[in-house]
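Protein chains get the first letters and strands the later ones, always in sequence-line order, with residue 1 at the start of each. Computed from a prediction, not measured in an experiment: that's the story for all the values here.
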Number of protein chains: 2
Amino acid sequence: MNTPRPPLNIGSVERDTGLGKDTLRAWERRYGFPTPDRDEHGERLYPAEQVDRLRLIKRLIDLGYRPGKLVGAGEEELALLGAQSMPVAATTDGEEIAPQKAAPLIERVLGELREHDLPALQQTLSQALLREGLQRFVIDTVGPLNIAVGEAWMRGEIEVFEEHLYTEQITTLLRQALAGLAPSGQPPRVLLTTVPDELHTLGLLMVQALLALEGASCIPLGTQLPLFDLRQAAIAHRADIVALSFSAAFPTRQLQPLVGKLRELLPPEVELWIGGGGCTRLRPLAGLRILPTLEGALSALEEWRQRR
Amino acid sequence: MNTPRPPLNIGSVERDTGLGKDTLRAWERRYGFPTPDRDEHGERLYPAEQVDRLRLIKRLIDLGYRPGKLVGAGEEELALLGAQSMPVAATTDGEEIAPQKAAPLIERVLGELREHDLPALQQTLSQALLREGLQRFVIDTVGPLNIAVGEAWMRGEIEVFEEHLYTEQITTLLRQALAGLAPSGQPPRVLLTTVPDELHTLGLLMVQALLALEGASCIPLGTQLPLFDLRQAAIAHRADIVALSFSAAFPTRQLQPLVGKLRELLPPEVELWIGGGGCTRLRPLAGLRILPTLEGALSALEEWRQRR
DNA sequence: TGTTCATTTTGTCCTGTACAAAGCGAGGTG
DNA sequence: CACCTCGCTTTGTACAGGACAAAATGAACA
């Protein structure tokens with residue numbers, strides 16, 4: 001049953017973990033981890049277990065931990081993951097203190113994921129959607145579910161492919177709901193996308209659902225739109241708002257300059273809204289609206305409308 | 001109107017073009033292109049026009065041209081793009097010789113894209129879907145449309161963001177159609193996904209539509225599933241078939257070894273089907289089914305059923 | 001017309017070095 | 001005691017230049 005997993009070269013590890021080649025080599029030099037073998041030609045070969053650990057470390061770093069502590073240490077990370085509350089939690093206010101409202105549903109979804117019961121999962125989710133309505137479903141259920149699934153993975157309770165299955169089902173469900181909404185044609189016109197290297201589709205879809213439900217005209221442009229093309233798109237579609245999503249995994253290094261550059265690029269009358277797990281690391285900036293929570297998007301929309 | 005576009009550093013260029021840092025530096029060394037400026041600290045700054053050209057070169061390489069010819073040369077690429085027929089065209093047989101059957105529709109779609117008329121585009125596409133039926137729509141319309149849109153971009157007739165808009169609309173439409181299909185519960189059970197670094201969602205969705213329409217049980221796992229997790233998923237879901245999609249952009253270098261490794265990893269009774277623009281570069285292999293065309297997926301399904 | 005072999009092309013990996021921006025903590029000030 | 005400033009440490013990313021193997025090409029040959 002348990003095929004010995006083949007080791008990966010540095011390029012594959014970069015793709016699998018999201019850690020750059022340079023970073024991987026730097027960690028090895030500085031912290032003594034990872035410790036890849038070498039093939040006959042002197043190239044690094046990372047054992048699968050070390051790649052697993054790298055993936056975990058990456059997620060913990062995205063949560064706010066420092067590499068020096070994680071990469072150097074051994075096994076006491078296990079303690080850290082048990083403590084699921086991330087140090088970043090105290091961001092703005094204590095607004096995210098109601099995570100276990102949907103606790104029974106969460107347990108049910110996790111169970112169905114572990115059992116690979118796709119029909120049951122689909123039914124559970126669409127029942128929840130119908131029961132709660134799209135807005136409450138997105139805010140109260142999908143949000144906490146996403147977090148719970150991520151944490152369950154970190155605790156080793158579910159596998160990567162089960163997480164993928166979850167994401168895919170939510171995506172399908174949201175797109176289906178979205179398709180049922182007739183285009184309103186009303187303002188504001190909102191452009192939704194992500195920048196290159198950012199694949200955080202789900203968050204974007206959640207925002208789109210909320211905004212479309214309130215009658216905004218959403219223009220989804222998929223993911224990974226280069227900055228300057230985003231400017232062109234905003235002008236061409238006469239957008240009132242450009243909404244971007246950054247996952248927590250987006251490199252902090254590039255976040256601030258990138259958003260600054262984009263703000264300069266966009267016409268000043270176009271608003272720029274940023275959401276997703278990565279946006280808490282952003283410093284305030286004129287003409288920039290930071291939306292750490294989903295409710296934030298709704299109130300931002302309301303404000304926009306009052307302003308007109 | 002025309003803001004001077006800011007130059008990009010090497011990391012941004014990597015993300016925007018898909019060309020690795022090492023490759024970018026190697027081209028500069030070998031072919032004398034690109035010729036980035038340097039910032040005050042000696043780091044490369046690529047002018048936006050050179051990034052455009054790099055994007056174009058990348059697409060032409062994906063089509064089968066050699067870097068040495070493209071990167072070294074200057075401006076006569078313009079001639080090449082005019083000749084839209086790629087050298088790889090003569091792959092298996094002359095089966096792809098009916099591209100302009102949908103010509104009027106293609107022109108209409110391109111026009112609506114250029115005018116950013118989202119409602120019209122949506123209507124055109126869903127009318128076509130209803131008129132032709134899902135199967136013919138996917139095979140006869142979406143396939144050629146994808147090619148036409150890509151070529152129009154290369155000719156400079158449409159912008160990147162217009163291409164993104166197109167992709168997004170097709171995705172929405174296909175997912176919507178797919179949602180309308182009740183799960184059949186019938187064999188075969190097909191796992192659909194892509195490997196890390198491969199984002200070619202659309203092709204996967206097209207195959208899913210065709211297979212689901214014929215009553216197969218499709219289990220979509222999104223994109224970028226690591227190899228070993230794919231194995232686990234296949235076992236957990238008791239899959240009969242694993243279907244992967246590779247775009248033409250996938251690095252040839254890694255394609256063959258990766259597929260070989262995967263074939264070893266998967267249980268022998270699970271079939272492995274590979275489709276997408278990248279699969280023509282694959283050499284045949286035992287237990288591997290290469291599907292260069294969409295029709296191929298259908299006949300493969302039929303064969304599978306007869307075998308049982 | 002098709003197959004084999006030598007040569008060129010090309011992407012990727014290596015080592016070792018360097019530096020700036022972000023994070024952290026000490027110390028001073030209201 | 002809270003808050004701000006400043007210097008030190010951490011950390012990601014960039015550079016050069018060399019190396020090599022797999023893929024593509026074209027020439028020689030059957």
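- Put simply, CG on B:D197 is 15 Å from P on C:dG11, counting in whole angstrom units.
- Within a heavy-atom distance below 4.0 Å of DNA chain D, the residues of residues 18-25 of chain A found are A:D22, A:T23.
- OP1 or OP2 of C:dC13 has not a single side-chain nitrogen or oxygen of A:H41 nearer than 4.0 Å.
- A:R281 has its CZ atom 14 Å from the C1' atom of C:dA21, to the nearest Å.
- Nearest-nucleotide positions on DNA chain C for A:P257 and A:E14 put A:E14 closer to the 5' end.
- For C:dT12, one of the phosphate oxygens OP1 or OP2 lies less than 4.0 angstrom from a side-chain nitrogen or oxygen of B:Q254.
- Regarding A:R38, its CZ atom lies at a distance of 12 Å from the P atom of C:dC13, rounded to whole Å.
- Side-chain atoms of A:H164 never come within 3.5 Å of backbone atoms of B:G222 as a donor-acceptor pair (strictly under, hydrogens ignored).
- Checked options B:V242, B:L282, B:L291, B:L262; the residue passing with B:I274 is B:L282 (criterion: side chain to side chain contact (heavy atoms under 4.5 Å, CB included)).
- Where A:R29 and A:T252 each meet DNA chain C at their nearest nucleotide, the meeting point lying more 5' is that of A:R29.
- For DNA chain D, the contact window with chain B, defined by any atom under 4.0 Å from a protein heavy atom, covers D:dA14 to D:dT25 in 5' to 3' order.
- Although no hydrogens or angles enter the test, the distance criterion places a donor-acceptor pair under 3.5 Å between the side chain of A:Q50 and the main chain of A:T35.
- One interatomic measurement links the two molecules: CG of A:L258 to P of C:dA22, which rounds to 13 Å at whole-angstrom precision.
- For the OP1/OP2 pair of C:dT9 and a distance below 4.0 Å, the side-chain nitrogens and oxygens of B:R66 include no atom meeting the criterion.
- Distance CD (B:E28) to P (C:dT10): 17 Å, rounded to an integer number of Å.
- Atom-to-atom, CG of B:D62 to C1' of C:dG11 comes out at 14 Å; the value is rounded to the nearest Å.
- Taking the ring centre of A:F33 as origin, the terminal cationic atom of A:R53 falls inside the region bounded by 6.0 Å and 45° from the ring axis.
- Here the P atom of nucleotide C:dC13 and the CD atom of A:E40 are 14 Å apart, to the nearest Å.
- Within the structure, every pair that satisfies the side chain to side chain donor-acceptor pair (under 3.5 Å) test and touches residues 194-203 of chain B, not counting sequence neighbours, is listed here: B:E198-B:S247, B:H200-B:S245.
- Applying the side chain to side chain donor-acceptor pair (under 3.5 Å) test to residues at least two apart or on different chains, the pairs with a partner in residues 251-265 of chain B are A:R15-B:Q254, B:T252-B:R281.
- Here C:dT8 presents its P atom at 15 Å from CZ of B:R30, a figure rounded to the nearest Å.
- No donor-acceptor pair closer than 3.5 Å links the side chain of A:S12 to the backbone N or O of A:L8.
- Identified under the side chain to side chain donor-acceptor pair (under 3.5 Å) test for residues 20-29 of chain A, with sequence neighbours left out: A:E14-A:K21, A:E28-A:R44.
- In summary, A:K58 and A:D16 do not engage in a salt bridge, as defined by a charged side-chain N under 4.0 Å from a carboxylate O.
- Remark: A:R38 CZ is packed, more than 12 non-hydrogen atoms of other residues, nucleotides or ligands lying under 6.0 Å away.
- Under 4.0 Å is where a charged nitrogen must lie from a carboxylate oxygen, and between A:R55 and A:D52 at least one such pair does.
- Direction of the helix axis in the helix from C:dG2-D:dC29 to C:dG30-D:dC1 shifts by 30° between the two five-pair termini, rounded to 10°.
- With 3.5 Å as the limit, one finds no donor-acceptor pair spanning the side chains of B:W153 and B:E151.
- Phosphate proximity of C:dC13 to B:R253: absent, as no side-chain N or O sits under 4.0 Å from OP1 or OP2.
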